[in-house]
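Just so it is clear, the model here is predicted, and its values are computed rather than measured. Numbers restart at 1 for each chain; the letters A, B, ... are given by sequence-line order, proteins then strands.
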Amino acid sequence: MEKLEELTDQQRQRLLKLERIRQHGIDPYPARVQRTHTAAEARRNYEADESFGEEKIILTGRLVAIRKMGKITFAHIADGSGKIQLFFQHNVLGEENYRFFLQNFDIGDFIEAHGHLFRTRTGEITLNVEKYRLLAKALHPLPEKWHGLKDVELRYRRRYLDLLANEDVRQLFITRSRIVKAMRHFLDSKGFIEVETPILQPIYGGAAARPFETWYHALERKFYLRISDELYLKRLIVGGYEKVYEIGKDFRNEGLDVRHNPEFTMMECYQAYADYHDMMRLTEEMIAFIAQEVLGTTRITYAGHEIDLTPPWPRATMRDLLIEYTGIDFEEYRDLESLRKAIEKRNLQVDPKPTWGKQVDELFSEYVEPYLIQPIFVMDYPVEISPLAKRKPEAPHLVERFEPFVGGMEIGNAFSELNDPLDQRERFLEQAEARERGDEEAHPIDEDYIFALMHGMPPTGGLGIGIDRLTMLLTDKQSIREVILFPQLRTL
RNA sequence: GCCUCCGUAGCUCAAUUUGGUAGAGCAGCGGACUCUUAAUCCGCGGGUUGCAGGUUCGAGUCCUGCCGGAGGCACCA
């Protein structure tokens, strides 16, 4: 709180009221609360049987509206279940108590109200207040009741006000919670066990990204915040678990935009004796299940598009999609130079990339990805951008990897996991060379992980789903910040 | 990091093409009002126009820099 002389008029008024309340010997922040029913319960009981009005009940909540009309006053309070109207009468409360309420209570204050339910002339179920008590004084006015809080910066910086003022935002984060709950339910029902692996890691891995760094005092060395859960979860498959998953935060030290927040939530699961085809079936079934559980349908609207999540989703290879959208068959241009010439020849506008695999990926991002509105699995990526995935037996320059796309958005990543320790070592070494050449996102070598693989890992399918993006999809939000309660902003 | 746009009262927004004393609604304060629903009616207060400079007789408005935000580019799942 600022210095007194910097307070606004309204803050001074509320401090004044607080002082008056204290002078009456009332604790404006009492420790104990009484409540017999939530607003919704009270309303439901009364609707079921109006004799419920004979029962004396106690409701609690935040004052969200006060309508003074002389010797009577209407107010609304809101608790977690919803709103309900309160009715204050001069001749029920008595002169002193009635005036005390009007003089010292503000919108935003929490109140405990004792009384009986009845219906007003307009039919609204209302508590006739016989006794009231302050539960917590608010010293700052709430956002305006009609227009709410619109300023995006304020909505993110003071999310509590956003949640108070904008019901749709409150609902959205309930939906997010239900999405995660449904995902857990789905995986649990399939026999997966939920595990927790380190967030602070001596070597990061499992994705191509720059990490956040920190210092571990007790161990006197640099540590990293994880960029994925992958390598630890696969150690658990080596350890003998057949189905594991983890839902948690990953951290990637990169820029922010409408689809990226440096701190984001990922679900990763691994299934022994499975391949990427099995993971495709798992993915489409899981997403459809979540949509059905949370939205009651597998047909959704995203950014104005009607999208049908009903399985099965089409499968298409990256190669076929590139031929379809750009006319380029990368199998005909197997080195960087010829590929670039092909791109040039067709007048396609893509940024130059240092390797063949990255160039293919860039072409795909630019000319295919935005058009993948209906759900689809894009399969078979270049090996050099997939150092942890198993090669396709019939095409060893490609890997058994897929990414699910919906709404023009990549919502996950999956593969048949590479379980050949010697090939894995080779791939790490190639990454190390890329690092030498200045690729800051190349994987560091994780000898301990190779050591684990050397003890034998069964053929395994792995899948990662971005929870934030899935939430965007199911809540029709085009910015990732809208589905993160406290998105990262610059400090003021 | 670069480009474009934005920042006015606690909140939502005005402020005349092309510079001329910063307004309204809600919220607040005082008053009237015993069935209201954005209650209504009368009156009152509330601002270093994001910050710092500059141009000008005069800047919310034009210029420069900085801070913050949004969108885009680059990077990325």
Side-chain angles (χ1 to χ4, degrees), chain A residues 6-14 16-17 64-76 83-92 98 102-103 106-108 118-124 126 128 138-158 161-162 164-166 206-210 227-228 230 250-262 264-268 349 351 353 358 361-362 365 369 385 403-405 409-414 439-441 464-470 472 478-482 487 489-492:
Chain A
E6 288 171 0
L7 293 180
T8 65
D9 225 37
Q10 302 203 41
Q11 288 173 307
R12 275 205 201 86
Q13 284 294 343
R14 285 177 182 236
L16 216 71
K17 292 175 181 182
V64 292
I66 300 174
R67 292 180 294 279
K68 193 181 85 160
M69 308 194 47
K71 291 191 167 63
I72 60 170
T73 293
F74 290 93
H76 271 97
K83 291 182 188 174
I84 195 161
Q85 184 166 256
L86 304 184
F87 185 44
F88 295 82
Q89 287 184 92
H90 180 267
N91 59 14
V92 169
Y98 182 74
L102 289 179
Q103 283 188 335
D106 290 299
I107 289 170
F118 72 108
R119 266 189 210 277
T120 61
R121 277 180 207 166
T122 56
E124 180 164 349
T126 300
N128 188 13
L139 296 179
H140 203 283
L142 262 37
E144 198 236 358
K145 61 184 171 188
W146 191 243
H147 298 94
L149 185 69
K150 291 188 171 171
D151 184 295
V152 176
E153 187 174 356
L154 281 183
R155 288 186 45 234
Y156 295 162
R157 282 194 197 280
R158 305 189 187 156
L161 292 180
D162 192 26
L164 281 174
N166 300 314
R210 293 170 64 187
I227 59 173
S228 90
E230 175 151 355
D250 287 346
F251 309 85
R252 298 186 184 175
N253 208 338
E254 280 146 9
L256 307 80
D257 63 36
V258 288
R259 289 179 184 183
H260 299 85
N261 196 65
F264 65 105
T265 305
M266 177 93 104
M267 185 286 298
E268 286 191 38
Q349 302 299 313
D351 294 323
K353 294 290 163 182
K358 289 196 173 191
D361 199 38
E362 174 67 14
S365 302
E369 189 171 324
I385 57 170
E403 293 185 329
F405 286 85
M409 190 161 57
E410 178 189 343
I411 60 165
N413 187 20
D439 183 352
E440 290 185 81
E441 287 165 351
I465 295 287
I467 300 289
D468 311 278
R469 288 189 182 175
L470 178 61
M472 288 168 68
Q478 274 76 64
S479 169
I480 199 168
R481 292 189 194 92
E482 288 293 337
L489 297 177
R490 282 179 202 278
T491 51
L492 289 176

(request) Scan A:Asp439 against the nucleic acid and name what it touches under 4.0 Å (heavy atoms): base, sugar-phosphate only, or nothing. (result) nothing
(request) Name the residue closer to the 5' end of RNA chain B, choosing between A:Val152 and A:Asp351 according to the nucleotide with the nearest heavy atom. (result) A:Val152
(message) Just the rounded figure in Å: distance from C1' of B:rU36 to NE2 of A:His76.
(response) 9 Å
(request) Please determine, for B:rC29, whether a Watson-Crick or G-U wobble partner exists with both distances under 3.5 Å, and give it or none. (result) B:rG43
(request) State which residues pass salt bridge (Lys or Arg N to Asp or Glu O under 4.0 Å) with A:Glu369; sequence neighbours excluded, sorted by chain then number. (result) none
(message) Tell me the interatomic distance from A:Phe74, atom CZ, to B:rU40, atom P, rounded to whole angstroms.
(response) 15 Å
(message) A side-chain contact here means heavy atoms from C-beta on lying under 4.5 Å apart; do A:Asp439 and A:Lys358 qualify?
(response) yes
(message) Within the structure provided, determine whether A:Asn261 and A:Asp468 are in side-chain contact (heavy-atom separation under 4.5 Å).
(response) no
(message) Below the 4.0 Å mark, does B:rG28 have OP1 or OP2 next to a side-chain nitrogen or oxygen of A:Arg14?
(response) no
(message) Tell me the interatomic distance from A:Glu153, atom CD, to B:rG71, atom P, rounded to whole angstroms.
(response) 12 Å
(message) Classify A:Leu489 by what it touches in the nucleic acid, base, sugar-phosphate, or nothing, heavy-atom distance under 4.0 Å.
(response) sugar-phosphate
(request) Look at all strands and tell whether A:Arg481 reaches a base, only sugar-phosphate, or nothing, counting heavy atoms closer than 4.0 Å. (result) sugar-phosphate
(request) Calculate the interatomic distance between A:Arg259 atom CZ and B:rC73 atom P; express it in whole Å. (result) 10 Å
(request) Using a 4.0 Å heavy-atom cut-off, write out nucleotides 7-13 of chain B from 5' to 3' as B (base contacted by protein), S (sugar-phosphate only) or - (no contact). (result) ---BBSS
(message) Mind checking if A:Lys358 touches a base, just sugar-phosphate, or nothing, with heavy atoms under 4.0 Å?
(response) nothing
(request) Examine distances only and state if a side-chain atom of A:Glu144 and a backbone atom of A:His147 form a donor-acceptor pair shorter than 3.5 Å. (result) yes
(message) Please give the distance between the P atoms of B:rA27 and B:rC42 as a whole number of Å.
(response) 15 Å
(message) Whether the side chain of A:Glu124 and the base of B:rU36 hold a donor-acceptor pair under 3.5 Å is what I'd like checked.
(response) no
(message) Here's a test of your reading of the structure: between A:Arg67 and A:Ile107, which maps to the more 5' nucleotide of RNA chain B?
(response) A:Ile107
(request) Kindly point out which of B:rU37, B:rG69, B:rC35 is positioned nearest to the side chain of A:Gln85? (result) B:rU37
(request) Quote, to the nearest angstrom, the P distance that separates B:rA74 from B:rU12. (result) 33 Å
(message) To check you understand the geometry: which heavy-atom pair defines the closest contact between A:Ile72 and A:Gln89, and what is its length?
(response) CG2-CG, 3.9 Å
(message) Counting the atoms with a prime plus P, OP1 and OP2 as sugar-phosphate, which does A:Arg252 contact under 4.0 Å by heavy atoms, base, sugar-phosphate, or nothing?
(response) base
(request) On the 0 to 90° scale, with breaks at 30° and 60°, tag the A:Phe87-A:Phe118 ring pair as parallel, tilted or perpendicular. (result) tilted
(request) Rounded to the nearest angstrom, tell me the gap between atom CZ in A:Arg12 and atom C1' in B:rG28. (result) 13 Å
(request) Considering only atom P, compute the distance from B:rU61 to B:rC2 and round it to an integer number of Å. (result) 24 Å
(request) Could you check which of B:rU36, B:rC75, B:rG69 has an atom nearest any side-chain atom of A:Arg490? (result) B:rG69
(message) From CZ of A:Phe118 over to P of B:rU36, roughly how many Å is that when rounded to an integer?
(response) 12 Å
(message) What contact category does A:Lys83 fall into here, base, sugar-phosphate, or nothing, at under 4.0 angstrom with non-hydrogen atoms?
(response) nothing
(request) Pick the P atom in B:rG60 and in B:rC51, then give their distance to the nearest Å. (result) 11 Å
(request) Rounded to the nearest angstrom, tell me the gap between atom NZ in A:Lys145 and atom P in B:rU36. (result) 15 Å
Pick out the pairs of N or O atoms, protein on one side and nucleotides 30-33 of chain B on the other, that lie under 3.5 Å.
{"from": "B:rC33", "atom 1": "N3", "to": "A:Gly70", "atom 2": "N", "distance (Å)": "2.9"}
{"from": "B:rC33", "atom 1": "N4", "to": "A:Gly70", "atom 2": "N", "distance (Å)": "3.3"}

(message) Heavy atoms only, 4.0 Å cut-off, all strands: where does A:Asp257 land among base, sugar-phosphate and nothing?
(response) base
(request) Report which part of the nucleic acid A:Ala165 touches: base, sugar-phosphate, or nothing (heavy-atom distance under 4.0 Å, all strands). (result) nothing
(request) Side-chain contact test, heavy atoms from C-beta onward, threshold under 4.5 Å: evaluate it for A:Pro141 versus A:Arg14 and give yes or no. (result) yes
(request) Identify the heavy atoms of A:His90 and A:Tyr98 that sit nearest to each other, and give their distance. (result) N-CD1, 3.7 Å
(message) Counting only Watson-Crick pairs (N1-N3 plus N6-O4 or O6-N4) and G-U wobbles (N1-O2, O6-N3), all under 3.5 Å, who is the partner of B:rU4?
(response) B:rA70
(request) Can you run down the salt bridge (charged side-chain N to carboxylate O under 4.0 Å, His left out) pairs that involve residues 250-261 of chain A, sequence neighbours left out, and say none if there aren't any? (result) A:Arg226-A:Asp250
(message) Taking only the C1' atom of each, what is the distance from B:rA9 to B:rA24 in whole angstrom?
(response) 11 Å
(request) To the nearest Å, give me how far apart CZ (A:Arg121) and C1' (B:rU37) are. (result) 15 Å
(message) Could you tell me if the side chain of A:Met409 sits less than 4.5 Å from the side chain of A:Gln478, heavy atoms only?
(response) no
(message) Check A:Asp361 with A:Lys353, please: is the shortest side-chain N to carboxylate O separation under 4.0 Å?
(response) no
(request) Select base, sugar-phosphate, or nothing to describe what A:Tyr156 touches, counting heavy atoms under 4.0 Å on all strands. (result) sugar-phosphate
(request) Just jot down the side chain to side chain donor-acceptor pair (under 3.5 Å) partners of A:Glu403, sequence neighbours excluded, or say none. (result) A:Tyr381, A:Arg401
(message) Can you tell me which nucleotide in B:rC75, B:rA38, B:rG71 comes closest to the side chain of A:Glu441?
(response) B:rC75
(message) For the P atoms, the ones on B:rG28 and on B:rG65, what distance do you get once it is rounded to whole angstrom?
(response) 43 Å
(message) Check the phosphate of B:rC75 against A:Lys353, side-chain N and O only, distance under 4.0 Å to OP1 or OP2. Yes or no?
(response) yes
(request) Identify the nucleotide, in any strand shown, that forms a Watson-Crick or G-U wobble pair with B:rA22, with both distances under 3.5 Å; if there is none, say none. (result) none
(request) Name the pairing partner of B:rU37, where a pair is Watson-Crick or G-U wobble with both distances under 3.5 Å, or state none. (result) none
(request) Counting Watson-Crick and G-U wobble pairs only, both distances under 3.5 Å, name the nucleotide matched with B:rA52, or none. (result) B:rU64
(message) With rounding to the closest Å, how many angstrom separate the P atoms on B:rC62 and B:rG68?
(response) 23 Å
(message) My understanding is that only residues two or more places apart in sequence, or in another chain, count here; which of them pass side chain to side chain donor-acceptor pair (under 3.5 Å) with A:Asn166?
(response) A:Asp162
(message) What's the gap between B:rA15 and B:rU8 when it is taken at their P atoms, as a whole Å value?
(response) 14 Å
